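Some notes on the structure that comes next.
In what follows, chains are A, B, ... by sequence order, proteins preceding strands, each numbered from 1. These figures come from a predicted structure and were not determined experimentally.
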Protein chains: 2
Amino acid sequence: MSNLATIAALIGDPSRAAMLQALLPGEALTAGELARVAQIGAAAASAQIKALVEAGLVAVHAQGRHRYHRLAGEEIAAALETLMALPQVSPRKSWPHGDGFRKARLCWHHLAGQLGVELHARLTGDGWIAAAPGGWLVTDAGEARFGKLGVDLATARRSPRFACDCMDWSERRPHLSGGLGREVTGMMIRRLWLTRIEPLATDTLQRRRLACTPEGARALAAEFGIAA
Amino acid sequence: MSNLATIAALIGDPSRAAMLQALLPGEALTAGELARVAQIGAAAASAQIKALVEAGLVAVHAQGRHRYHRLAGEEIAAALETLMALPQVSPRKSWPHGDGFRKARLCWHHLAGQLGVELHARLTGDGWIAAAPGGWLVTDAGEARFGKLGVDLATARRSPRFACDCMDWSERRPHLSGGLGREVTGMMIRRLWLTRIEPLATDTLQRRRLACTPEGARALAAEFGIAA
DNA sequence: ACCATGCTTCGGCGGGTTCCGAAACATCGC
DNA sequence: GCGATGTTTCGGAACCCGCCGAAGCATGGT
């Protein structure tokens, strides 16, 4: 069977798809949490997780009697977002938690949603970053501005992908991915421009939604020209 | 069922996946050709095609006693390429036609493969195109150079997406997609820089491979600085 | 040492899906 | 009109796959 069919079939099962969506924000979840998210028993979940791990879509980290699972890489998250960005099959159904996801959320540790694509547009349009083979590089001007904001570019550069596009499933436009995306988002959360809301419940499917603080709204407008 | 699982399940069936891969170059195929590509009977193929059409992945055009099928849009092709770009599950198996696909091939009417990503890198690196919200725009310099090469930018702009990235499955780096990608590739084929090889056989799975003519190699080097 | 918790393996059941052959329908060429 | 070709619908059979419950193993707390 071709690689395409193999991978797609793995994602195509409702239980596994629910698990993958729960892992999209980049956090690591235990087998039990994944079972609850997929609404199946521990035994069934174990089998599904095993399949995902063997396929290389999910990575495991055993710690004590817990086993933490996360997406195996950024490309996986990007591929999932791309798939979700395809036109809805059936008449649009609302998402579990309403449309709150569209504003701002995490996708593999980087910012997604309206705020994410808006940021991407500003960074490219205002010359913070420039096109490079296979992704983006930071311009001299961007280097200075990122530095002043406290974005750790050195750490970002150690990432296998420094900066590239990830198709946003709700906006159908790219947002910033890669090490740079992670560091920029980390800076915003560290400085309390963004806060995580709806912390991980144990029995519901959720993606980490983000909320913009009043201070964050001011900062985003001042630094990037984004009107929240 | 979530949209993610629905779509992935559709792609996840080996027969349907074979059909979709056969449609990737952008050509329209009849139901019978799709059946042969998937190596199933006409009856089974008809059912699978129906599912793909109802999901909006494939579009149909009835003409006489034939029904021509093509991918419903560029995003579909991009999503398929992205999925194929994920790390191979099992130890790398060779593709049906060897590795010939990697050099140059068509992906939804635009250039993919090594030549495709190389072109993308040159266009962005040498200032033909520049980043814009949601994709790329042509610079003033690019406008002139494209015009001299006979690329129809007006037609390209009428496309729903003018220029955006498509993740190349064999190179794992983006190539140029959208109307601009289509027009540039069309120009190259029209001027015989590239020729299609292995015309569509009726009983095998194939993607349209492209070969670079001697004249094309010279032109690519002269115009874009690409060493073929 | 003992029990609680988290996770995995095993056996078996049930539902869903895919396939084929036969038949019906549509279109083209003679 | 008639046969040939392309495509779809129908019915039935086979198969795959995912789920659960029970049992087993590992880890951590008391």
>> Under 4.0 Å, counting only non-hydrogen atoms across every strand here, what does Ala31(A) touch: a base, just sugar-phosphate, or nothing?
In response: sugar-phosphate
> Which comes earlier along DNA chain D counting from the 5' end, the contact point of Gly41(A) or that of Ala42(B), where each point is its nearest nucleotide?
Replying inline: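 Counting from the 5' end, the first nearest nucleotide belongs to Ala42(B).
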Check: [X]/[Y] side-chain N/O donor and acceptor closer than 3.5 Å:
X	Y	result
His120(A)	Asp168(A)	no
Asn3(B)	Trp169(A)	no
Ser170(A)	Arg105(A)	yes

>> Between Lys50(A) and Ile40(B), which residue's closest nucleotide on DNA chain C lies nearer the 5′ terminus?
In response: Lys50(A)
>> Pick the closest DNA chain C nucleotide for Tyr68(A) and for Arg16(B) by heavy atoms, then say which residue is nearer the 5' end.
In response: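 Looking at DNA chain C, the more 5' nearest nucleotide goes with Tyr68(A).
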Measure from [atom1] on [X] to [atom2] on [N] and round the result to the nearest Å.
X	N	atom1	atom2	result
Gln48(A)	dT8(C)	CD	C1'	14 Å
Arg65(B)	dG29(C)	CZ	P	7 Å
Asp13(A)	dT17(C)	CG	C1'	13 Å
His66(A)	dC7(C)	NE2	P	6 Å
Glu33(A)	dT5(C)	CD	P	16 Å
Leu52(B)	dT17(C)	CG	P	14 Å
Ile49(B)	dT18(C)	CD1	C1'	15 Å

> Is the backbone N or O of Leu111(A) less than 3.5 Å from a side-chain atom of Thr185(A), with the two atoms forming a donor-acceptor pair by type?
Replying inline: yes
>> Using 0.5 Å steps for rounding, measure from the NE2 atom of His109(B) to the OG atom of Ser159(B).
In response: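 Going from NE2 on His109(B) over to OG on Ser159(B), the span is 11.5 Å.
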>> Measuring from atom OG1 of Thr82(A) to atom CD of Glu75(A), what distance do you get when rounded to the nearest 0.5 angstrom?
In response: 11.5 Å
> Charged N to carboxylate O under 4.0 angstrom, Arg102(B) versus Glu171(B)?
Replying inline: yes
> Under 4.0 Å between a side-chain N/O of Ser15(B) and OP1 or OP2 of dC19(C), yes or no?
Replying inline: yes
>> Check this one for me: any side-chain N or O of Gln39(B) less than 4.0 Å away from OP1 or OP2 of dC19(C)?
In response: no
> Can you pull the contact range of chain A along DNA chain D, 5' to 3', using atoms under 4.0 angstrom from its heavy atoms?
Replying inline: dG18(D) to dG28(D)
